[in-house]
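Per chain, numbering begins at 1; letters A, B, ... match sequence-line order.
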Number of protein chains: 2
Amino acid sequence: MDKFRTLLKNISPITDKEFADTISYFKELVLKKNEFFVEQGKVCRQIAFIKKGTLRTYYINDKAVETTSCFCTENNLTTSYKSFILQQPSTLILQAIEETHLLVIDYNSLQKLYSESSAWQTVGRAVAEREYIVMEQYASVLNNETAKEKYLRLLNEQPNVLQKADIEDIASYLGVTRRTLSRIRREISK
Amino acid sequence: MDKFRTLLKNISPITDKEFADTISYFKELVLKKNEFFVEQGKVCRQIAFIKKGTLRTYYINDKAVETTSCFCTENNLTTSYKSFILQQPSTLILQAIEETHLLVIDYNSLQKLYSESSAWQTVGRAVAEREYIVMEQYASVLNNETAKEKYLRLLNEQPNVLQKADIEDIASYLGVTRRTLSRIRREISK
DNA sequence: ACGATATGAGGACATTTGTCCTTTCCGAAG
DNA sequence: CTTCGGAAAGGACAAATGTCCTCATATCGT
């Protein structure tokens with residue numbers, strides 16, 4: 001909970017009282033390995049703060065190719081944001097790749113917070129802006145980094161993920177086939 | 001101006017009075033062909049509504065490769081959003097590829113609107129959410145569409161851009177070299 | 001109208017990546 | 001310890017794309 005408080009502080013100033021008054025809107029949720037937080041085609045009704053564990057965000061396109069957009073780890077917010085904002089069916093799938101403990105708030109509660117509290121309205125905008133920046137960063141990575149560079153960054157920034165996720169998932173994160181990932185790993189262990 | 005009013009209405013409800021009270025914050029700006037709206041390394045201080053014309057958004061990465069992320073056309077909002085939000089130097093470059101007429105609001109004015117008006121606070125969040133969705137869509141395109149598919153979409157959705165922009169820019173939008181774009185055009189005119 | 005210059009098309013070859021397989025490795029179960 | 005099954009590595013070839021050119025055409029200023 002402290003970690004969540006810290007995250008919110010970093011996002012936007014909010015007083016201890018405002019935080020205390022609204023914390024009851026948040027619920028605990030535990031997912032076992034391979035359980036879904038968001039399923040494809042269902043509306044995402046919650047935003048989650050990850051207390052512990054890892055969620056893989058991915059989707060399957062019309063050519064039946066699976067793409068992993070990120071591995072979300074502890075002390076971060078996650079959701080199928082577009083689905084959440086628009087309350088429309090999600091194209092993204094969020095699945096736990098290990099046991100994961102979440103703190104979640106649902107859509108209606110958040111709208112209630114927005115209408116009751118200007119501070120939370122500001123948090124909402126700040127979160128949207130943050131999510132935007134994360135997504136822009138992601139697009140930049142897609143445009144500029146080779147699969148090998150992405151692999152090295154993963155190795156540097158989220159080494160645990162390389163242990164926890166399987167080759168197929170990592171390849172789909174890098175945007176290449178298993179065969180190419182195999183070549184990359186060989187090159188790196190020169 | 002009417003078109004701008006319509007756009008705002010679509011983004012978030014705002015009354016005619018609120019609109020009228022704040023319209024003085026917006027200024028007209030005209031760019032000639034090849035003039036910059038945002039230069040690389042400079043802080044982007046404005047959001048623009050494009051009344052007429054086309055802006056190309058692009059950047060140059062550390063390998064000196066140029067990537068065009070979008071061609072923004074009339075009746076849309078545009079800015080170097082990350083730079084604007086954070087008021088930090090922009091990595092993106094926004095350049096007019098033809099004479100372009102803008103309606104702009106600067107950062108300080110917008111913050112003033114946010115603090116004075118709850119309605120504008122809501123507009124701000126809605127704009128951020130919208131920008132997020134656009135960026136997610138962009139990332140999805142990067143992941144799922146081949147260069148040929150992107151070319152066909154451009155042909156379908158923004159045919160004028162294909163006339164106005166040069167081959168180099170379009171190739172950098174598709175994420176391929178001129179040589180590959182040449183092959184794509186040949187294939188399409190089968 | 002003219003040459004100078006820029007812009008787009010496309011040939012030849014090298015490199016990268018994908019597809020389809022087979023082989024190797026490793027852990028679980030007998 | 002041995003065997004089995006699944007996951008990862010990697011061989012062989014095909015397809016796609018990039019690099020480096022040249023050639024043709026369009027555009028502009030004098």
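Regarding Asp169(A), its CG atom lies at a distance of 11 Å from the P atom of dA7(D), rounded to whole Å. Whole-Å rounding puts the Arg179(A) CZ to dA15(D) C1' distance at 15 Å. One can place CD of Glu168(A) at 14 Å from C1' of dA9(D), the figure rounded to the nearest angstrom. In this structure, the CG atom of Leu174(A) is 15 Å from the C1' atom of dT16(C), given to the nearest Å. At whole-Å resolution of the value, CZ in Arg183(A) and P in dT19(C) are 11 Å apart. Between the P atom of dT7(C) and the CG atom of Leu181(B) lies a distance of 15 Å, rounded to the nearest Å. Distance, Tyr151(B) OH to dA16(D) P: 19 Å, rounded to whole Å. Separating the CG atom of Asn34(B) from the C1' atom of dA6(C) is a distance of 14 Å, rounded to the nearest angstrom.
OP1 or OP2 of dG18(C) lies within a sub-4.0 Å distance of a side-chain N or O belonging to Thr180(A). The side chain of Thr177(A) places no N or O atom within less than 4.0 Å of a non-bridging phosphate oxygen (OP1 or OP2) of dT17(C). OP1 or OP2 of dA9(C) lies within a sub-4.0 Å distance of a side-chain N or O belonging to Arg185(B).
With dG10(D), dG10(C), dT19(D) as the candidates, the nucleotide lying closest to the side chain of Arg186(A) is dG10(D). Closest approach to the Ser182(B) side chain among dA8(D), dG18(D), dG10(C) is made by dG10(C) (side chain taken as heavy atoms from C-beta onward). Here the nucleotide nearest the side chain of Ile167(B), chosen from dG8(C), dT19(C), dG18(D), is dG8(C).
In this model, no side-chain donor or acceptor of Arg178(A) finds a partner on the base of dG10(D) within 3.5 Å.
Side-chain contact between Gln158(B) and Thr73(B): present, with at least one pair of heavy atoms (C-beta onward) separated by less than 4.5 Å.
Linking ILVMFWY side-chain heavy atoms closer than 4.5 Å, directly or via other members, places Val104(A) and Tyr107(A) in two distinct hydrophobic clusters.
Residue pairs meeting the side chain to side chain donor-acceptor pair (under 3.5 Å) criterion with at least one member in residues 87-97 of chain A, sequence neighbours excluded: Arg45(A)-Gln87(A), Tyr58(A)-Gln95(A), Ser80(A)-Ser90(A).
In this structure, Tyr81(B) OH and Thr57(B) OG1 are separated by 14.5 Å, a value rounded to the nearest 0.5 Å.
Nearest-nucleotide positions on DNA chain C for Gly175(A) and Ala165(B) put Ala165(B) closer to the 5' end.
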Would Lys112(A) and Glu116(A) satisfy salt bridge (charged side-chain N to carboxylate O under 4.0 Å, His left out), going step by step from the backbone distance to the final call? CA-CA 6 Å; Lys112(A) 199 145 172 283; Glu116(A) 287 173 355; 3.4 Å; yes
